[in-house]
Protein chains: 2
Amino acid sequence: MSAEYQLDQDINHAIIEFYERLSSWEQSVVRDQGASLAQIHTVEILGANGAMRMKELADKLGITTGTLTVQVDRLVKAGLVVRQSSVNDRRSVEVQLTEKGQQMFAEHDQLHLQLTREMTAVFDDAERQQLLRFLARLNSTF
Amino acid sequence: MSAEYQLDQDINHAIIEFYERLSSWEQSVVRDQGASLAQIHTVEILGANGAMRMKELADKLGITTGTLTVQVDRLVKAGLVVRQSSVNDRRSVEVQLTEKGQQMFAEHDQLHLQLTREMTAVFDDAERQQLLRFLARLNSTF
DNA sequence: ATCAAGTAATTTGATTATCAAACAATGTGG
DNA sequence: CCACATTGTTTGATAATCAAATTACTTGAT
C-alpha cells in the first residue's frame with residue numbers, strides 16, 4: 001500500500017467521521033426545534049438555494065418525487081412552504097419557503113453557525129480562510 | 001457585520017453544503033447496495049469503530065435505543081450483525097458486524113474512497129495533508 | 001399538425017424508521 | 001438492603017420511504 005493511498009484513506013475516513021458527527025448532531029438538534037430531520041433538510045435546501053421545482057428538490061435530497069410529494073404536503077400543512085405551478089412548464093411545481101419557513105431556516109442556520117464557531121475556535125484567521133477555500137473546492141467537484 | 005463574522009458565515013454555509021451533498025450522495029448510492037440509509041449508517045459506524053453497546057451506538061446514530069432495537073433486529077435477520085450480551089454489565093448488549101457485515105462495510109467504504117478521490121483530485125500532496133489536519137481538528141472538537 | 005415517446009408530479013400500497021412511554025432486568029450509592 | 005438510575009426491549013402511533021401506476025403536459029420526428 002503506497003503512502004499516497006494511505007493518505008487518501010485517512011482523508012476518506014476523516015470525511016466519513018465528519019459526516020457521521022454532523023449527522024448525529026443534526027438529528028439531536030432537530031427534535032428541539034419541533035421538526036423531523038427530513039423536514040429540516042428540505043427547509044435547509046430551500047433556504048440556501050431559494051425556490052425550486054419538485055424534481056430538482058428531490059434530486060438534492062436524494063429521494064424520489066413520490067416521497068417528496070408527501071413531504072411537501074406536510075410542510076404546506078405546517079405552513080412552512082407553498083406550492084406554485086410553474087409558468088414555463090405547466091407540469092412543474094415550484095416550492096418555496098413561507099415567512100415562517102424562512103424563520104425556521106434562520107433559526108436552524110444560527111445553530112449551525114454556533115457549531116461552526118465551536119469547531120473552528122482553534123483556527124487562526126489564515127487557517128479559516130484556507131479551510132473555506134478547501135471546502136469550496138470540495139463542494140465544486142461533486 | 002464584521003469581516004470575521006462574514007468569514008464564519010461563509011465557512012458555515014460551505015459546511016452545510018458539503019453535508020447536504022454528502023447526504024444526497026449517500027442516499028443515492030445506498031439503494032444500489034441493497035440496503036437502507038439507516039442500515040448503512042449503522043454498518044458504517046460499527047465498521048469504523050468496532051463492536052459497541054446498544055446505547056453507545058444509538059448515541060452515535062442520534063436515535064433512541066427503542067428505534068435501534070428494531071433496526072438491529074433487522075440487521076441480525078439480514079445476517080449483517082450479531083448481538084452478544086456483555087460480560088461486565090448484564091444489562092448491556094454488544095453489537096458487532098458479521099463477516100457479511102464487514103464485507104458490506106468494505107464495499108461501501110470503497111465507494112466513499114472513490115468519491116473522496118474525485119473530490120480531492122485537484123489537491124496537491126501538501127494540500128491533501130493540510131486538508132487531513134483540518135478535518136482531524138474539526139472532528140476532535142465536537 | 002399529429003402522434004409517439006419522454007418528463008413532472010401525484011397517488012397507491014407496502015415496508016421501514018422513528019418517537020415517547022411503559023416495562024423488565026440489572027447495576028449503584030448510600 | 002433499598003431507593004434510584006441505567007440498559008435494552010416492547011408497544012402503539014406517526015412519519016418517511018420506495019416502486020409502480022396514473023395523469024397532465026412537453027418535445028421531437030415525421
Side-chain angles (χ1 to χ4, degrees), chain A residues 23-46 51-96, chain B residues 20 23-46 51-78 80-96:
Chain A
S23 191
S24 168
W25 175 87
E26 185 100 344
Q27 200 130 14
S28 307
V29 126
V30 145
R31 291 290 152 195
D32 309 332
Q33 265 193 296
S36 70
L37 188 57
Q39 283 181 338
I40 284 280
H41 256 191
T42 308
V43 168
E44 220 166 9
I45 288 180
L46 288 176
M52 68 181 72
R53 291 175 305 111
M54 293 289 288
K55 185 64 166 63
E56 201 181 345
L57 184 52
D59 285 346
K60 278 197 198 291
L61 286 165
I63 62 180
T64 64
T65 56
T67 299
L68 184 58
T69 293
V70 179
Q71 193 59 245
V72 168
D73 283 349
R74 259 191 269 281
L75 289 171
V76 167
K77 210 169 176 179
L80 295 167
V81 308
V82 288
R83 281 188 172 92
Q84 231 175 349
S85 53
S86 168
V87 275
N88 318 343
D89 186 339
R90 277 189 300 174
R91 291 169 306 179
S92 290
V93 174
E94 291 247 319
V95 186
Q96 68 176 349
Chain B
E20 295 288 354
S23 190
S24 167
W25 175 87
E26 185 99 346
Q27 200 129 14
S28 307
V29 126
V30 144
R31 290 291 151 194
D32 309 331
Q33 263 193 300
S36 69
L37 187 57
Q39 283 181 338
I40 284 280
H41 256 192
T42 307
V43 168
E44 220 166 10
I45 287 180
L46 288 175
M52 67 182 72
R53 292 174 305 112
M54 292 289 288
K55 185 64 166 60
E56 201 180 344
L57 185 51
D59 285 347
K60 278 197 199 291
L61 287 165
I63 61 181
T64 65
T65 56
T67 300
L68 185 57
T69 293
V70 179
Q71 192 59 245
V72 168
D73 284 349
R74 258 191 270 281
L75 289 171
V76 167
K77 209 168 176 179
L80 296 167
V81 308
V82 287
R83 281 189 172 92
Q84 231 174 351
S85 53
S86 168
V87 276
N88 318 343
D89 186 338
R90 276 190 299 172
R91 291 169 306 178
S92 289
V93 174
E94 291 246 319
V95 187
Q96 68 176 347

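No side-chain donor-acceptor contact under 3.5 Å links B/Ser24 to the backbone of B/Glu20.
Sorted by first and then second residue, the pairs that involve residues 63-73 of chain A and meet salt bridge (Lys or Arg N to Asp or Glu O under 4.0 Å), not counting sequence neighbours, are A/Asp73-A/Arg83.
Smallest separation of non-hydrogen atoms from A/Val30 and A/Ser36: CG1-C, 3.5 Å. Between B/Ile45 and B/Met52 the shortest heavy-atom distance is CG2-CE, 4.0 Å.
Toward the 5′ end of DNA chain D lies the nearest nucleotide of B/Asp89, the other residue of the pair B/Asp89 and A/Asn88 mapping further downstream.
If you measure from atom CG of B/Leu61 to atom P of D/dG8, you get 13 Å, rounded to the nearest angstrom. Atom CG in A/Leu57 sits roughly 17 Å away from atom C1' in C/dT7 (whole-Å rounding). Distance, A/Met52 CE to C/dA8 C1': 16 Å, rounded to whole Å. C/dA8 atom P lies 19 Å from atom CD of A/Gln84, rounded to whole Å. Taking atom CZ on B/Arg90 and atom C1' on C/dT28, their separation rounds to 15 Å, with Å as the unit. Atoms CD1 (A/Ile63) and P (D/dC18) sit 6 Å apart, rounded to a whole Å.
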| request: Using a 4.0 Å cut-off on protein heavy atoms (strictly under), produce a 5'-to-3' string for nucleotides 9-17 of chain C with B for base contact, S for backbone-only sugar-phosphate contact, and - for none. | output: SBB----SS
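Screening A/Thr67, A/Leu68, A/Leu61 for a side chain to side chain contact (heavy atoms under 4.5 Å, CB included) with A/Thr64, the sole residue that qualifies is A/Thr67.
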| task | List the steps, then state whether side-chain contact (heavy atoms from CB on, under 4.5 Å) holds for B/Gln96 with B/Leu46. | result | CA-CA 7 Å; B/Gln96 68 176 347; B/Leu46 288 175; 5.9 Å; no
